[in-house]
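Note: hydrogens, waters and symmetry copies are ignored here, and every other heavy atom, side chains too, is used. Counting convention: from 1, in listed order, for ligands and their atoms alike.
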Amino acid sequence: MTTATLQPSMKLEDFRRIITAYQQATERLKDSHDLLMSEVSRLRAELEAKNQQFERRKRLAALGEMAAGVAHEIRNPLGSIQLYADLLARQLQDEPKKCDLAGKIGKAVRGLDAIVSDMLTFTRVIEANRTPTRFADLVAEAVSEASGRLETSGVTLNLGQIAPALTIDLDPRLFKRVLLNLMLNAADAMADQPITRMLTITAEALSTGHEAGRWRVRVADTGPGIRADVIEKIFHPFFTTKDHGTGLGLAIVHHIVEAHGGTITAANRAEGGAVFAILLP
Ligand code: ADP
């Protein structure tokens, strides 16, 4: 009778090998599971953002239609008031006090006209005609247009990090408006700050991560930062905390950035102040 000889040491070795292979496979599975989970949560966040964007567009489309109608109706009578105020001012040239009053009417009407223009810009469907643009030149133009307000608020500019040759595909006319609105808001926010009032603009081409191939533009200030109850409404049209604000500046900025296929976020900096970050494809 033959009996099979057991080789206990061999069996143990096999068993060890199987266990090791099993452990390695488990590790690999865990790694791919973790990777999948992080991808799922990234996609979920992206979907959430897209849904929010869609909801916002729907709300704005309804609001926009109404606002555009109102703006058109207001524009014509405003034009007439402006015309009559100017005529009156001319006729009252010999009576300085009365002439001054007519001048004030004219000035107020021009203010209203600017608000109506903002409303129309905000509600209009805009198309960004992107063309390679030297970013430093565009910033210089915006700074020169905002120079009065920047000087009055005592703002120091820090533009040193913008490479002179950096060229970004954007619509220069529309994007100048973005820079202007962000700069003027920063100047307003810093106007009462006792410390340095520094406005920093940076722009860079991103080369790593999910954002590779995009441009990032940042506008940062050393103001008081954005209040927690303000931050979630900051891009809503007509939302303002200023006595004479229209609440359309950032809504227009958002609208223009979206027309470029980009995104904009507002945040507070760890070192104090607000920062607006724009990502452009
Ligand atoms: P407006 O300037 O007419 O108020 P905006 O849409 O430009 O309208 O801004 C909305 C609000 O966002 C402001 O009233 C202000 O409360 C807040 N905000 C904008 N920019 C800044 C900033 N740089 N720092 C702090 N708060 C800001």
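- Interface atoms of ligand 1 facing Ala274, defined by a heavy-atom separation under 4.0 Å, are 23 (N), 24 (N).
- Placement of Phe235 and Leu180 in two distinct hydrophobic clusters is found when ILVMFWY residues are connected by side-chain heavy-atom separations under 4.5 Å, directly or transitively.
- With respect to atom 23 (N) of ligand 1, the closest heavy atom belonging to the protein is Asp221 OD2, 2.8 Å.
- For atom 19 (C) of ligand 1, the nearest non-hydrogen atom from the set Val230, Val253, Thr222, Asn185 belongs to Asn185.
- In terms of protein heavy-atom proximity, atom 14 (O) of ligand 1 is closest to Thr241 N, 2.9 Å.
- Ligand 1 does not have Phe235 within reach: every non-hydrogen atom of the residue lies 4.0 Å or more from it.
- Atom 4 (O) of ligand 1 has as its closest protein heavy atom Thr240 OG1, 2.5 Å.
- In terms of polar-atom proximity, defined here as any N/O pair under 3.5 Å, Ile234 makes no such contact with ligand 1.
- Remark: Arg42 engages Glu46 in a salt bridge, criterion side-chain N to carboxylate O under 4.0 Å.
- Heavy-atom distances between Gly225 and ligand 1 reach below 4.0 Å in at least one pair.
- Note on Arg197 versus Asp192: no salt bridge recorded, every NZ/NE/NH1/NH2 to OD/OE distance being 4.0 Å or above.
- Legend: residues meeting salt bridge (charged side-chain N to carboxylate O under 4.0 Å, His left out) with Asp243, ordered by chain and number and at least two apart, are absent.
- Summary of contacts: the protein heavy atom closest to atom 8 (O) of ligand 1 is Gly247 CA, 3.2 Å.
- Checked for salt-bridge contact, Arg17 and Asp14 meet the test: a charged N lies under 4.0 Å from a carboxylate O.
- The ligand atoms of ligand 1 that sit less than 4.0 angstrom from a heavy atom of Gly245 are 3 (O).
- When only non-hydrogen protein atoms are considered, atom 26 (N) of ligand 1 lies nearest to Ile226 CG1, 3.9 Å.
- Of the protein's non-hydrogen atoms, Ala189 CB, 3.5 Å is the one closest to atom 24 (N) of ligand 1.
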In a table with atom names and distances, give each donor-acceptor pair under 3.5 Å that connects a side chain of residues 269-281 to protein atoms at least two apart or in another chain.
residue, atom, partner, partner atom, Å
Arg269, NH1, Asp221, O, 2.9
Arg269, NH1, Gly272, O, 3.3
Arg269, NH2, Glu271, OE2, 3.3

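- In terms of polar-atom proximity, Leu250 is counted as a contact of ligand 1, with an N or O under 3.5 Å from an N or O of the ligand.
- In this structure, atom 11 (C) of ligand 1 lies nearest to the protein heavy atom Phe239 O, 4.1 Å.
- Using a 4.5 Å heavy-atom cutoff, the side chains of Thr167 and Phe135 are not in contact.
- Contact annotation: the side chain of Thr263 never approaches that of His254 to less than 4.5 Å [non-hydrogen atoms, C-beta and beyond].
- A salt bridge is defined here as a Lys NZ or Arg NE, NH1 or NH2 lying under 4.0 Å from an Asp or Glu carboxylate O, and Lys30 with Asp34 meets this definition.
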**Message:** Pair Gln193, Thr222 - check side-chain contact (heavy atoms from CB on, under 4.5 Å), show working.
**Reply:** CA-CA 8 Å; Gln193 289 295 97; Thr222 55; 5.8 Å; no
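- Among protein heavy atoms, the minimum distance from atom 2 (O) of ligand 1 is reached at Lys242 NZ, 2.7 Å.
- In the vicinity of Thr246, heavy-atom distances shorter than 4.0 Å reach the ligand 1 atoms 3 (O).
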